[in-house]
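Notes to accompany the following structure.
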Amino acid sequence: DLLSKKVAGSKPQHFDQLQIYMGLMELERALYLAVNKDTDDVYVEWIHFDKDHFENLIDYAQGLIAMPTPPEPISNDPSNWQCKGCTFHEVCHGGIAADANCRTCCHASPIVNSAWHCGHHNNKLDEAKQRKGCGDHLLIPALTPYAQAIDGGPSWVAYKHRQTGQTFVNGNETVEGYGQAFSVALASC
């Protein structure tokens with residue numbers, strides 16, 4: 001397949017990775033090497049930098065970073081080979097809420113230079129703060145697979161459990177009519 005389609009056609013993810021590396025390192029070409037595990041034949045191809053392709057990949061990545069909710073899963077099938085090896089398999093397919101940290105909080109947003117900003121506390125978040133989170137954590141609703149968000153405010157989100165129909169609140173305040181409030185992290189239900 002690699003011989004007939006070259007890297008761009010046979011291994012598009014490798015081609016994209018090389019374009020990103022070349023663009024960020026300001027290289028005009030890269031050498032791609034692959035070994036056939038059955039015959040030990042070596043495939044070699046010069047890959048030339050494609051500025052338009054690089055810019056499209058960067059724009060796509062920026063779009064992903066700026067998304068207010070996670071993208072759709074690669075597959076709805078938990079046995080999909082790509083899903084099985086993913087760190088977030090249990091979030092997408094196992095009914096487990098994502099870990100509570102600043103990157104899973106409604107109040108946090110990525111900003112320039114790989115930094116994050118907390119809109120609730122109005123401060124820049126270094127990596128240690130991002131990992132630790134705070135008591136005002138408000139989980140992004142899409143990261144709560146076992147419940148549907150039904151209402152919310154600046155410091156709370158009300159949910160309805162998909163199986164039991166019970167309502168509850170993620171946040172530090174009790175909201176009339178929605179049941180118990182959970183602060184920081186929502187446990188698996």
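Excluded from the calculations below are hydrogen atoms, water molecules and symmetry mates; all remaining heavy atoms, backbone and side chain alike, are included. Here the structure is a predicted model, which is why all the values come from computation and not from measurement.
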First locate atom CZ of Phe88, then atom CD1 of Ile96, and finally report the distance between them rounded to the nearest 0.5 Å. 14.0 Å

Shortest non-hydrogen pair, Leu138 vs Gly153, comes out as CD2-O, 4.5 Å

Nearest-0.5 Å distance that lies between atom CG in Asn80 and atom SG in Cys92: 11.0 Å

Between Gln19 and His48 (side chain of the first, backbone of the second, donor and acceptor by atom type, cut-off under 3.5 Å), is there such a pair? yes

What are the two closest heavy atoms between Pro70 and Ile140, and how far apart are they? CD-CG2, 4.3 Å

Pairwise side-chain contact, Val44 with Leu31, heavy-atom cut-off 4.5 Å (strictly under): yes

Taking the inter-plane angle between the rings of His14 and Tyr32 on a 0 to 90° scale, is it parallel (under 30°), tilted (30 to 60°) or perpendicular (over 60°)? tilted

Among side-chain atoms of Ser75 and Asp77, is any donor-acceptor pair under 3.5 angstrom? no

Verify the cluster assignment for Trp116 and Leu139: are they in a single hydrophobic cluster under the rule of side-chain heavy atoms below 4.5 Å apart? no

Between the side chains of Asn76 and His93, is a donor N or O closer than 3.5 angstrom to an acceptor N or O? no

Starting at CG of Leu57, measure out to CZ of Phe15 and round the result to the nearest 0.5 Å. 9.0 Å

Go through the side-chain N and O atoms of Glu45 and Tyr43 and say whether any donor and acceptor fall under 3.5 Å apart. yes

When you look at CD of Gln13, are more than 12 heavy atoms from neighbouring residues, nucleotides or ligands closer to it than 6.0 Å? yes

Have a look at His107 and tell me which of His121, His120, His117 forms a ring pair (Phe, Tyr, Trp, His ring centres under 6.0 Å) with it. His120

Heavy atoms from other residues, nucleotides or ligands near CD of Gln82 exceed 12 (cutoff 6.0 Å): yes

Under the criterion side chain to side chain contact (heavy atoms under 4.5 Å, CB included), I'd like the reasoning laid out for Leu27 against Phe49: C-alpha separation, chi angles, the key distance, then a yes or no. CA-CA 7 Å; Leu27 301 173; Phe49 180 61; over 6 Å; no

When rounded to the nearest 0.5 angstrom, what distance separates CD1 in Ile111 from CD1 in Ile65? 12.5 Å

